[in-house]
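Below, read A as the first sequence line, B as the second, and so on, with proteins coming before strands; counting in each chain starts at 1. Because only heavy atoms are used, hydrogens play no part in the values below, and waters and symmetry mates are left out as well, while side chains stay in.
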2 protein chains.
Amino acid sequence: MAKDPAPALQRRTLTLRDVSDASGVSEMTVSRVLRNRGDVSGPTRERVLAAARALGYVPNRIAGALASQRVNLVAVIIPSLSNMVFPEVLTGVSEVLEDTGLQPVVGVTNYSPEREEKVLYEMLSWRPSGIIIAGLERSPAARAMLENAGIPIVEIMDVDGTPVDSAVGISHRRAGRKMAEAIVQAGYRRIGFLGTMMPHDHRARKRLEGFEAALAAQGLQVEDREFYSGGSALLKGREMTEAIMTRSPDLDFLYHSNDMIGAGGLLWCLNHGIDVPGKVGLAGFNGVELVQGLPCRLATMDACRLEIGRRAAEIVAGKRPDGATSGVVIELEPKLEPGDTIRRI
Amino acid sequence: MAKDPAPALQRRTLTLRDVSDASGVSEMTVSRVLRNRGDVSGPTRERVLAAARALGYVPNRIAGALASQRVNLVAVIIPSLSNMVFPEVLTGVSEVLEDTGLQPVVGVTNYSPEREEKVLYEMLSWRPSGIIIAGLERSPAARAMLENAGIPIVEIMDVDGTPVDSAVGISHRRAGRKMAEAIVQAGYRRIGFLGTMMPHDHRARKRLEGFEAALAAQGLQVEDREFYSGGSALLKGREMTEAIMTRSPDLDFLYHSNDMIGAGGLLWCLNHGIDVPGKVGLAGFNGVELVQGLPCRLATMDACRLEIGRRAAEIVAGKRPDGATSGVVIELEPKLEPGDTIRRI
DNA sequence: TTCCCGGCCGTTACCGCTAACATGCCATGG
DNA sequence: CCATGGCATGTTAGCGGTAACGGCCGGGAA
């Protein structure tokens, strides 16, 4: 922003008044210049900008927001930052918000409904002009807060449920189903499942539900399953795969609830000389970049993370072609990427 | 928070006034109750809380912050969210801030000085009560903003330089040096380097500088090098390793600027039946969880990310034993984890 | 010339909340 | 008995901006 190093020894933080004094115009005029709003003559504008820069003035948005009843913040509430999927959603959001004057503010819930409630409350207390929040399942209190917020709400990642307002995501039930169908189609019959032990990861649960439903439709079922929580997902993937394959050596497919444990499973199989995808097939979920670097490409399903972030941001920013900022529901289509770990028929 | 779903059909957002009307006391008393400050009788407190809950009132922090001149926000400014290292720093920060009433707000710069300047300006305009910011290198304007902010500033990750105020981190030069010494000690002599092409990743640069300096002290040098930018780091690690080993087949050690490309390199070596660590040794940097899941543990150096986050937060929160909130410099000691990819002597 | 209009800038009244002070009440002690 | 003091509550005056409106001035239209 400014290019001059501001003067040393500042007693208190600067206000519009300081800039107006320094440039000989009213505070209102300074405000107009700094916001680029209303008519100000060229020379005046220059004088004001010079003064502001020289002083190192940084506007006080708190005061500005209170007076104008407008806040350029969009709350983005997500369960976690550590699993590669949400950072990509954020990238999409930032991209779209970039030139709107709006700014994303991130809150993390750690998959805890209590924390979600707290984070939401905290966010709302700053009166953001929109909310993007992961998932459709939440406590009654959280739902009430969203309903009464009076701002655009976009629930993301998932469309299997009833949104408060708008929603952008994929159907995880359908994703699970699709994967099951592809697996059965490829001739696998004795299928194992490996996943996380997170009661609040509703999307993983829905994928499994869809997966099992599709198997059932073919007269099949999940033969064995293995769960974990915490720790290095890659390592857990190895360990769980070892465990399940020892216990049920006749499994011919391992469906993992995410790519990271899937990668671990793949590494274990390759290490043990198991023929992939001949003897055992593998699949994960999310389509993270990582899988491209593995010795052979893990089958996965792209969760459309970037696109979800973009579309959600477009809604809150009023950037949709139809201008709608509420009641929009967008279901994206996850793409199956068979990679090298499902037999080609 | 509240447990009742708030009443439907809210015309405008609620204010203290609405709660005070509903509970028959003054706004000031409501304010006292909601902030748990000052004396309020038990019954009054109950009535007020009940009314607030029933209405679904959410305080307006904007007004509160303006009136009290206090903001419970701590700005955390980092280069990226997508490489596993900063989320862990954030975890440490959140942990410590948890019970202080302070709240972290994240800004991402994408390793761009211009964006850093913008993000910082934006953050400062909300008058946070502290700043935690990655790195020591920044534009004069950014430095000036920090110097004039009048709040605790903690620069994190790195201590090789002059902090504006406080700093918590490791010496990346020393980290590079230490790794070089361990490698030479183990008998490796023809050493290659693989890294990112990011002119603004000063910490990676410093590690390389330290690394080369230590080699030079032993009469050695980096024999070949390979750089990348963008894409899946794991895949790039494989590709770069293939490239460098094809070009310089006599290299006996590959030092990677981060664990992700190191993991890619390791997978490539294992895939090509190269004896690790006998014929070729490998090392990365960061100590990310991921490396534990690889077929053999990549040598790495823990960057103390969690601890850095914690210590930084303690400073801005005034939680240090000595209560200092400025001028604190903490150098943490990165630990070499030799794993299985450096010969044991 | 008069009138009107648009460019430019200032004045006033808040935005919703809290610090600081004022007030009323009751129990207590001299 | 009244002064004293602590509790519980109310009143007042901003915090630092901005919306809305008003005033002044110069120039083109009537």
*Just wondering, do A/Val74 and A/Val105 contact through their side chains at under 4.5 Å, heavy atoms?*
no
*asked:* For chain A and DNA chain C, what are the first and last nucleotides along the strand, 5' to 3', with at least one atom under 4.0 angstrom from a heavy atom of the protein chain?
replied: C/dC8 to C/dG16
*Output yes when a side-chain donor or acceptor of B/Ser94 lies under 3.5 Å from a complementary backbone atom of B/Leu90, and no otherwise.*
yes
_salt bridge (charged side-chain N to carboxylate O under 4.0 Å, His left out) contacts in which one or both residues fall within residues 27-46 of chain A, not counting sequence neighbours_ = A/Arg17-A/Glu27
*Please walk me through it: do A/Glu122 and B/Arg61 pass salt bridge (Lys or Arg N to Asp or Glu O under 4.0 Å)?*
CA-CA 9 Å; A/Glu122 208 67 31; B/Arg61 296 251 167 162; 2.9 Å; yes
*Has the side chain of B/Asp21 got a donor or acceptor atom that lies under 3.5 Å from a matching backbone atom of B/Asp18?*
no
_Test: salt bridge (charged side-chain N to carboxylate O under 4.0 Å, His left out). Region: residues 64-82 of chain A. Which pairs qualify, not counting sequence neighbours?_
none
*Has the side chain of A/Ser129 got a donor or acceptor atom that lies under 3.5 Å from a matching backbone atom of A/Val71?*
yes
*When you measure from the side chain of A/Ser166 to the backbone N and O of A/Gly327, does any donor-acceptor pair fall under 3.5 Å?*
yes
_Going by salt bridge (Lys or Arg N to Asp or Glu O under 4.0 Å), name the residues that satisfy it together with B/Glu95, two or more places apart in sequence or in a different chain._
B/Arg310
*Just by protein heavy atoms under 4.0 Å, how would nucleotides 14-21 of chain D read 5' to 3' in B, S and -?*
BBBBSBB-
*Under 3.5 Å, is there a donor-acceptor pair between the side chain of A/Thr29 and the main chain of A/Val25?*
no
_Using C1' atoms of five pairs at each end, report the bend of the helix from C/dT1-D/dA30 to C/dG30-D/dC1 rounded to 10 degrees._
60°
